[in-house]
Structure formats: structure tokens, C-alpha cells
Amino acid sequence: MKALVLHHLNEFPSLDENYANPVPEKDELLVKLTYAALNRRDYWITQGQYPNIKLPVIMGSDGCGYIGDRRVLLYPAIGWGSNKRHQADSFQPLGMPKNGTLAEYIAVQPSYVYDAPDYLTDAEAACIGMAGLTAFRALFSRAELRGEDRVLINGVGGGVALMACQLALAAGCEVHVTSGSDEKIDLALKLGAIAGYNYKKENWHKSVIKEGIHFDVIVDSAGGPGFSNLIKIAAPGGRIVTYGGTHGALQNLNTQIIFWRQLSILGSTMGSPTEFKELLHFISKYQIRPIIDRLYHWDTTDQAFEALRDSHQFGKIVFSLQ
Ligand SMILES: NC(=O)c1ccc[n+]([C@@H]2O[C@H](COP(=O)([O-])OP(=O)(O)OC[C@H]3O[C@@H](n4cnc5c(N)ncnc54)[C@H](OP(=O)(O)O)[C@@H]3O)[C@@H](O)[C@H]2O)c1
């Protein structure tokens, strides 16, 4: 089969046209994949910025495909375990160390296979996995989002962030966004966000404070020095969910604001199969369509990884595997 295999760090994965087809173990099912989507994790792995890297590996956590006539999408990990508060030690996203979805076939346990929502194309369904699950748990399980909440999505150009924006809008929330790109802010406003701020402008948060705006829920994957500004614009009782550290370690956190405003800073990572099922129910109920930035093919895989590296996309980077 064709597969996109990472052999060495600091290079992009390469196409292997003769990779051995997976042989399903015990009750595993063989899925013929049609589309897969990238996440920043895939880029971190190529750069060696991920724990316990084992190579070679077929990359990719997200995929849509077929088992016979059944159109399915995959839970993007294995081994969550039985505790809904946190994952088990054995938890691992697909695509390192276990082979992932950037291939023509994958073997998975039946419990990780879900019917793809009818109204989505294969390519759209392939986008849901990691981004949707992470956004869903962060918003609903961790921040306990309600329709009356005012929400800030930091860095809306991110795959998870954009999905969080779509989910929060569907839940009826007033959604504000930040981005390092004015164009991406405009696109988020077209989706229904009410206001946007460019985080590259120094002291952007001060204009928010000046307007008297505070946020009940803030969703962040950047961390870094900018996180301290998010604390300043959180409403009393606010919940700030962090699921990433793209911009580095947290700095200069003002503990007085955190305790006086009764803020909660909540860590969140992906989600359980139960939450994945709830996510699929939610997106089907509101007919949410994941946004695709661009479709790539076997002969344009380097361009896809370059796009991921440079973060110019608005929406998911998707591969056709046909
Ligand atoms: N814990 C988990 O389960 C989990 C799951 C998925 C992802 N993650 C982590 O979350 C992060 C995002 O992942 P992703 O797949 O959504 O990535 P992505 O699609 O590549 O998005 C990256 C986005 O981060 C935003 N960003 C960069 N620097 C920023 C800053 N200083 N302030 C605010 N936003 C900034 C940018 O938004 P703009 O383009 O709008 O400027 C950029 O587009 C990564 O660090 C990833 O490892 C964690």
C-alpha cells in the first residue's frame, strides 16, 4: 500500500509505495482510508519536539474511510481507559508510536470506529478527529460551556481553535477571537464571531479591557508570555482552558487576579471515546462542517507539511489517499 512514513527527524515524511498492508490482529478491523488530516502534532514529531519518538512510523491521527460499504471515521487515539477525568498511562494518539492514518489502510479495534455523519463529505469527516475531540472536551467537559457564556478563542487559525469557534457558536455563545492574521479574523467574523483582535499588536488586550469586555471561557493553545494577558481579560468565575504550548512556557502569571476573580485554569488533552461519540452527536445536531483549507495528494505531501509549519492555513490541511 501507499503510506507516508517518517524515517528521520528534521525532515518531512516520504512516500513509500510498497509498505506492507497491515494485518489485523484478533478482532481488529481493516479500514480502507480515503482522506486524512494533519495536526500540529505531526509537525512537532518531525522536529523531534514530542516525547518518546519511535521511528519509522506512518504519520497521521485523523482519517475517514470504509469497511466494506460502511463509511467510517476513526477515534484519533487508543487506550484512554476508564477514568473520565484523565487518560490512562497507555493513552496514545494514532500516528506514533502506532502507525497512523496517512496510508491506504489501517487496522483498528472496532470500538474506535464510528459511522461518519451522513451530511459530511469524506474529506470533511477526516478533519473531525483530533481537532474536534480536543475542542469538544476543552469547551464542554472542562470549561462546562453554556450558551450564555462569552467566549474568547485565542489563535483562531489553529485547527483545534477553529473547531472550538464553530462548536461555541453552535452552542449559542458570543464568540470573540484572536489571530496573528487580520485575514483570519475576517474569516472568523464571517463564520459568526462577534469581534476579533490581532495578538501581534502590542497590548491588544488593553483595548478589550477599555471596552469593558471580559470572558467567561477562554480557549488557548499558545501559552507563552501572552497567557498572562488572557488572565487579565477573564471574567469573575472565568474558566481558561489550555491544551497546548505553541508559544512556550507560561510567564508572569498574576496570582492575585487568579484568586480574586475565582478563575479556573484547566488543562485538557484530547478526550475519551465517550466524548468522541458526544462530539459526533453535537456536530450532527448542528450540521457543523469542518473547514478545509486545502486538499493535498500523494505528490504534494511536502507542500502540506510546509503549510502546516508556516501556519498560513485557515482550516484543516487534508490529504486525499486515493
Ligand atoms: N493537548 C492536546 O490534546 C492537543 C490536541 C491538539 C493540539 N494540541 C496542541 O495545541 C497546539 C495547536 O494545535 P493545532 O493542531 O490546532 O495547531 P495548528 O492548526 O497548527 O495551529 C497553530 C495556531 O496557533 C496559533 N498561534 C501561534 N502562536 C500564537 C500566539 N502567540 N498566540 C495565539 N495563538 C498563536 C496560530 O493562530 P493564528 O494563525 O490565528 O495566528 C496558529 O495558526 C499545538 O501546540 C498542539 O501540539 C494539543
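In this text, all values refer to a predicted model and were calculated from it rather than measured experimentally.
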same_hphob_cluster(Ile231, Tyr197) at 4.5 Å side-chain heavy-atom cutoff: yes
Taking the six-membered ring for Trp, are the ring centroids of [X] and [Y] within less than 6.0 Å of each other?
X: Phe276; Y: Phe136; answer: no
X: Phe91; Y: Trp80; answer: yes
X: Phe215; Y: His176; answer: yes

Quick check: closest heavy atoms across [X] and [Y], and the distance to 0.1 Å?
X: Asp62; Y: Ala126; value: CB-O, 3.1 Å
X: Pro290; Y: Ile128; value: CG-CG1, 3.8 Å
X: Leu33; Y: Tyr105; value: CD1-C, 4.1 Å
X: Tyr243; Y: Ser268; value: CB-O, 3.2 Å

Under 3.5 Å, is there a donor-acceptor pair linking the side chains of Asn39 and Lys316?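 On atom types as modelled, these side chains qualify, holding a pair under 3.5 Å.
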Within a 6.0 Å radius of atom [atom1] on [X], are there more than 12 heavy atoms belonging to other residues, nucleotides or ligands?
X: Gln256; atom1: CD; result: yes
X: His297; atom1: NE2; result: yes
X: Lys232; atom1: NZ; result: yes
X: Asp89; atom1: CG; result: no
X: Glu202; atom1: CD; result: no

Electrostatic pair Arg71-Asp122, nearest N-O below 4.0 angstrom: yes
Output yes when Lys2 and Glu104 qualify as a salt bridge under the 4.0 Å nitrogen-oxygen rule, no when they do not.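 Salt bridge between Lys2 and Glu104, a charged N being under 4.0 Å from a carboxylate O: no.
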When you measure from the side chain of Thr134 to the backbone of Ala131, do you find a donor-acceptor pair of N or O atoms at a distance under 3.5 Å? no
Judged by atom type as modelled, is there a donor-acceptor pair below 3.5 Å linking the side chain of Asp220 to the main-chain atoms of Gly223? yes
Begin with the C-alpha distance, continue with both residues' side-chain angles, and end with the deciding distance and a verdict on side chain to side chain donor-acceptor pair (under 3.5 Å) for Thr300 and Gln303. CA-CA 5 Å; Thr300 50; Gln303 286 96 313; 5.3 Å; no
List the steps and the verdict of side-chain contact (heavy atoms from CB on, under 4.5 Å) for His7 and Ser14. CA-CA 8 Å; His7 291 277; Ser14 54; 3.7 Å; yes
Taking the six-membered ring of Tyr50 (Phe, Tyr or Trp), confirm whether the NZ or CZ of Arg41 is under 6.0 Å from its centre and within 45° of its axis. yes
Out of curiosity, Ile265 CD1 to Arg239 CZ, how far, rounded to the nearest 0.5 Å?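 Going from the CD1 atom of Ile265 to the CZ atom of Arg239 covers 13.5 Å.
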